[in-house]
There are 2 protein chains.
Amino acid sequence: MATKINNSKNQSARETLTNKDFYFFSKEKTESPNTNEPKYILGGKGYSLVQMTEMGLPVPQGFVISIQTCEYYYKNDRQFPADFTEQVKQYLQKIEESTGKKFGDPQNPLLLSVRSGSAVSMPGMMDTILNLGLNKETLQGLIAKSGNDRFAWDNYRRFIQMFGDVVMGVEHAKFMGILDSAKEEFGVSLDVDLTADNIKIIVDRYLDLYKTDTGKEFPHDPFEQLMLSIEAVFKSWNNPRAISYRRINKVPAKISGTAVTVQAMVFGNMGENSATGVAFTRNPSTGAKEYYGEYLVNAQGEDVVAGIRTPKHLDDMAKEMPEIYEQVKEIFAKLEMHYKDMVDLEFTIEEGILYMLQSRVGKRTGKAAVKIAVDMFNEKLIDKDTAIMRVDPNALNQLLHPAIDPKAQKELIAKGLPASPGASTGQIVFTAEDAVIWANQGKKVILVRMETSPEDIEGMNVAQGILTARGGMTSHAAVVARGMGKCCVSGCSDIAVNEEKKSLHVGKSIDLVEGDWITLDGSNGEVYRGKIDTVEPTLEGEFGILMQWADDVRKLKVRTNADTPKDATVARKFGAEGIGLCRTEHMFFQEDRIFAVREMILSDTKEERVKALKKIEKMQQSDFENIFRQMHDLPVTVRLLDPPLHEFLPHTDEEMQDLAKAMEVDFEVLKERKESLAEFNPMLGFRGCRLGMVYPEITEMQTRAIINAAIVVAKEGILVKPEIEIPVTSNYRELEVLNQVIKDIADPVLQQAKVDINATKELKLLEYTIGTMIELPRACVTADKFAQYSQFFSFGTNDLTQTTYGYSRDDAGKFIGKYIELGVYMDDPFQVIDQEGIGVLMEMAVKKGREVNPEMEIGICGEHGGEPKSVEFCHKIGLNYVSCSPYRVPVARLAAAQAVIREKLEK
Amino acid sequence: MATKINNSKNQSARETLTNKDFYFFSKEKTESPNTNEPKYILGGKGYSLVQMTEMGLPVPQGFVISIQTCEYYYKNDRQFPADFTEQVKQYLQKIEESTGKKFGDPQNPLLLSVRSGSAVSMPGMMDTILNLGLNKETLQGLIAKSGNDRFAWDNYRRFIQMFGDVVMGVEHAKFMGILDSAKEEFGVSLDVDLTADNIKIIVDRYLDLYKTDTGKEFPHDPFEQLMLSIEAVFKSWNNPRAISYRRINKVPAKISGTAVTVQAMVFGNMGENSATGVAFTRNPSTGAKEYYGEYLVNAQGEDVVAGIRTPKHLDDMAKEMPEIYEQVKEIFAKLEMHYKDMVDLEFTIEEGILYMLQSRVGKRTGKAAVKIAVDMFNEKLIDKDTAIMRVDPNALNQLLHPAIDPKAQKELIAKGLPASPGASTGQIVFTAEDAVIWANQGKKVILVRMETSPEDIEGMNVAQGILTARGGMTSHAAVVARGMGKCCVSGCSDIAVNEEKKSLHVGKSIDLVEGDWITLDGSNGEVYRGKIDTVEPTLEGEFGILMQWADDVRKLKVRTNADTPKDATVARKFGAEGIGLCRTEHMFFQEDRIFAVREMILSDTKEERVKALKKIEKMQQSDFENIFRQMHDLPVTVRLLDPPLHEFLPHTDEEMQDLAKAMEVDFEVLKERKESLAEFNPMLGFRGCRLGMVYPEITEMQTRAIINAAIVVAKEGILVKPEIEIPVTSNYRELEVLNQVIKDIADPVLQQAKVDINATKELKLLEYTIGTMIELPRACVTADKFAQYSQFFSFGTNDLTQTTYGYSRDDAGKFIGKYIELGVYMDDPFQVIDQEGIGVLMEMAVKKGREVNPEMEIGICGEHGGEPKSVEFCHKIGLNYVSCSPYRVPVARLAAAQAVIREKLEK
């Protein structure tokens, strides 16, 4: 029955077909849809089976029911197409002919697996039924053919359990309850230790449970079993966890159903020469070119994924099943050549014969993605553009985020599997629900579970990291966490988790409860007690190479948002080409100057204000000097004071009293002044350039500080190009007025400095420019007028999003959850630029601005500047640069390169 | 020397000239600029003199220096053109030739007046110098020629005073001080009683003052006097009160200078057969076709305008100077035929001979404007379009605003002249500065002055009304107040004003101080103590006719914003064609329901909320029924709940405690719930459709109330067309969701009702539509998507302005004053649609919306809907209707008609 691996000459004959609901595959023949995107008809899994069959790999016979059939089912009020039953029968017959077995035959029964499979991988989200076709009679045939009483009965037990759970909705826990109490009753601890007689008793109890819960007898007719199972798979497309998964993973709407694969069963649980396994052609965690996989002897597929028993590593196979191991290696090579990528596959060994059950491009960590991309280019498997496109820019976060400080004092309490790299620290919670609740309160949590299941998705999504006591490197927790780019330690059997009592124990001495802090290192599987400091990652090897490739390709410059010399240093290390946003107000908050700032704000007269500003000016100048030095020769955009003044004021009466004393002002008077500054809508209040319009002395002070700092640093021989940025502008006349205020201060000082600098033979030039934030809708609409008074534009997409949508991020909490639930937003507009709305305004601003000033430099400094989709949009509309937080700089560099390549591909 | 009025055959010869700085006019010859808009070269006054000369009216010879010369002066750093002095001399010679007198000639001296005059009338804003050319020698000539010692000396005195004040900046009050103390010294109370000898002494004192203050001798050379005076007039264009006037009156920027008229003097102060006067061809207060004017015997022009002596009425002239009176009447008729409008003119009678010194289209009250427009159409002077264009829509406010309730208890304390109609009530202030300060504090003030002067403009602008003790119907106070459409009582000699002590007295018993309330009736000149109720105006006669004409022409429908049946009634009376905005939340605040509303808001569960909503539903339904009945057969747009919920909650702990008791909830719990509703930026918070998205039960309740009310009223045989409006939408998916919520409630109820209604033989149809407010920038940008889910759009330009500009009206107070001062805004964008910014978004929304749904009904319901410029813009971009407050409905109707006519004219 098994097929030796064929060479490519020996592939099965392909028949290409259009508009069919069913597609058959066997070593004799495959039916392929006539399309460029077969995945959108057969689903990922179905297509991989057809492909592998065509490649001559050993795949059990079967057929795929198309995704379009599932769509039909949903569009027609959950009805199958007219000839559906007839077709199932026809295709069943093809399997029977190919296998020589008969479905429902008590002598030589054909057993089937029924699996879901959509166009994108949704691991564990939808349902699978194995061992289908068993009933009291066919069971006897299976016993006879296999000569293995226990094997056959265990298959029957599994089938009842899966069918009951998946198809009929009998609670999984109830089956597990029966199984667990039976194991106790029979004195065994592992499933595999149950005898055939034990299992017979369990089967009876399962059948009773089934009848009690569903009110029906377990279906005897295998064809009824099959039809119900196919429908159950269709239905599983819309179960809540699948819907939730698609939302979290932003599965596009065109992926609108699942295919169903009906396939002849092969058994990994026929004894010690049988097994089932999962493998990757390279290490999905590190990207190393090494085989990576796990298998469980005498088990069925779901035993591995569910993480119930800890499996063996693929290396062990080399000793235990050397022939199979050679076959696996050969298949790995063939699949990588075919996919031109790292492949993730599932296999089963039935009595020493290997079968492939699935293959697909494997998920990987950011680190692995980078290494594999660079390696595959070096191996000449892919070209450079493909290598660049292979890495999800967001995945770089994993590489870039801090790791545990090796010098930190730390108390190692346990060690598990390094399931997903990175370090994270947080407070323990024990259920997904708690994780969501705590996270909503702004807390950082680590989700600790015995093992995770698809029901935990929401909790995993909000957690900093995940720790499980059971499960391997390919367990649910590990796969999902890697997909999310989230730190995970799995299979940490050192810890005992009591989910009910919300506590965990390590040995006898360590006892942690909900709310206690722990730290995970997903790169080595270590678990520490308490909060631990982290350190910067090293940025070398393949990462450096890939970034260099990206830099060669991209057209967008990448700057950083940095308010301190420290930020500036980090950002330069990550490749920042300047500062796109230096928020001066962050300097205002520092301990040593906030007092003077408050004095300035609460001054009653211009004279008092000017006096307080004098104190601030010196400190600001020295800050600017340090930033200019750090950014050596690169441009620095300094934004003038932006937030409403009351944000700087003390909140408590005590602090106000101290201030009153120091200012020699009556407390009550000062308090009244404070109250007069309060605003109904601070977002829409007295802030940004409005401050400078009313108190030009503030703008004057800041201009002096910037220009004088620039002069000091320029005299050191460094090219300084300060860009003075005016925030929150809504009318070009604001720019007209403030340009004059700035020039009146800057020009005379600068003129004198140029003379001085030339006199001391320092030849670096010193120039400054004046520009504006574009962060209000009116600025976009009237950008042509703005351009007459701006040397540069910088999009402030945070405020632009708030005003264009008409809601403030601080207040959106009351409804945003419901909006996401209702599908109003595909992406959070504060994370990804809303191209449909905000994007239209941005394009308008670029077009109008450049009409007047074709050379205008335009950038973006909102948080969107480091988000890949937004970076691509910025490239498309012709910005000169994006500016983002230091850690996001490499993300933006890669995203900018991908934008160029995607544009090429689309042409 | 005087000219009898010529018939049209006898006009002076016209020479048309291009690009000249100087234009001469005399009965022999006029020089006219070669342009369609001579006013923009000669100024209003200069042009009127040229015109009248050409018509053969008696006008003293003179020449005009063009506005362009003034522009040149300002553009060239206050330098005259190269040949300027030469040209002045040339043109002076022309006057000399025509008059037979010589400038500076001690025997037969030519004296001149030098006056300003821009393209728009700016009464009293700029400067005038009379009697120019006098010095010790020419004075003797004047004495000799006139044979009137006192007359000549008084002219000299006046000249020194005017020249000193206007040209050299010697304080006017200092001259007045000398004059007043001299009058005391010589025991006279009126200027006219001063003898020549008295005046000689005063002249000496004036000359001393001049020397002390300017450090120079008074210029002896008449030509030097002339050149300095011409320059002073140029300079007066940019004096602070002129700048202020132009800003308040929104004088367009293209009006960029003043012309100067230099004219031979004629003297109204040559004795009892001389006079000076001001007249209107019709009554500028009521519009009645009657002569209306005042003159002062033995006076110079400025004596009338300054309101120092109370003048005689024109009717008196019929008896006193019957021949002149006939001449005046003839001239009136001629001028009305020429201007095709009511004319305002200045004249002087020199020893029984009449001279015209100015003519222009006269300012008038709204009431007069309407009557004159309708009368002139009936007189066949103008066509209907012209009649419609003749009335400033804003001026209708005067007609529409409430008058003093005739039934109100009132205490009449004084009576003055009915200088500007309407009634107003407010707190007394005694200086323009105080008026501004009090008004800024939100207080309503009546500005009480001895007499007003151009320095008071700002205070008059913010006051509710103006009361002066001195001055006639054409005094500064009266003219300016009528222009502003503001109630004014002038010349109220019953009251004694003490500006210093900030008090006023009527007789001995009535004593009012700053802050006391008074009420003015500008239509009859009565002054009452205290606050007095007002009543609605009657809308009949010419007003009704003009409105009918406007209705025939306009394309825009005019609806009203009305939240109560009472509002709806008023609005229908004013011609509203439906309700464009019915704010349901205003109903929520009513005493009898606010409690249930609060219960609803503070509910913890949906069940509690639904229970509270049930109570509100009945009340809302009955409100809607009454409104539907009032608007009988007209459409009513009902906006769903809009404001943030916390706006409905009590502010005090006491009220919260009552609520807690009634709801049987712990006070602390309730308080916590209240606090959780607080927002950082309520404008941008949980409001509008966001409420319905999260609590669909609110939308359901409101839908039920609307539909059930519609059914009740429809059963009464009234066509009800409710338009359900969804507010604060930023994403079309909000509409998608809420449309469904509304339809799910409305459709079944309505279906049943239609059956019922047909059964009872009521044949009126009953339909409803669903639409949205367009009040956020994103709604405009994505209006094509919105249009797929909207049957109508309604622009909420208040919120659209706030979000597009990024500032809230509540918070803008801190900077808006400075912005206006700096000229950032031409118009307040909350009053007049900002076409440059908001307008672009509106146009985009209309275009995108109609692309998808060409039949879409689009309106506006922001406060801009009743502002004429904004209404014109709405017409231009193709809206179907504007909706405004009831009192603004006629304003909008007229503005909409004018928009159509203006469009025709521009084609």
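Being a predicted model, the structure only gives us computed values, none of them experimental. Residue numbers start from 1 in every chain, and the chains themselves are labelled A, B, ... in the order their sequence lines are given, proteins ahead of strands.
- Ranking A/M683, A/K818, A/R690 against chain B, the residue ahead of the rest is A/R690, based on heavy-atom pairs under 4.5 Å.
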Query - side chain to side chain contact (heavy atoms under 4.5 Å, CB included) between A/D834 and B/R778, worked out - result: CA-CA 10 Å; A/D834 156 46; B/R778 198 175 184 283; 2.6 Å; yes
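- Across A/T803, A/T782, A/I838, the residue that shares the most heavy-atom pairs under 4.5 angstrom with chain B is A/T803.
- Within 6.0 Å of CD on A/E672 lie no more than 12 heavy atoms contributed by other residues, nucleotides or ligands.
- If you measure heavy-atom distances from A/S676 to chain B, the contacts under 4.5 Å come from the backbone alone.
- Counting heavy-atom pairs closer than 4.5 Å to chain A, the top-ranked of the candidates B/P644, B/P682, B/A678, B/A779 is B/P682.
- What you find for A/N731 and B/V824 is that their closest heavy atoms are ND2-O, 3.4 Å.
- Contact record, A/N681 with B/L684: OD1-N, 4.4 Å, taken as the closest heavy-atom pair.
- Using a 4.5 Å heavy-atom threshold, the side chains of A/R687 and B/Y807 count as separate.
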Report task. Test A/Y819 against B/R733 for side chain to side chain contact (heavy atoms under 4.5 Å, CB included), laying out the working first. Result -> CA-CA 9 Å; A/Y819 270 50; B/R733 291 195 191 89; over 6 Å; no
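- Side-chain contact check for B/F680 versus A/E679: every heavy-atom pair is 4.5 Å or farther apart.
- The distance from atom CG of A/D811 to atom CG of B/L677, rounded to the nearest 0.5 Å, is 11.5 Å.
- Tested against B/P777, the residues A/V781, A/V840, A/L776, A/T804 include a single side chain to side chain contact (heavy atoms under 4.5 Å, CB included) partner, A/T804.
- Chain B forms more heavy-atom pairs under 4.5 Å with one residue of A/C780, A/S730, A/G806, A/A812 than with any other, namely A/G806.
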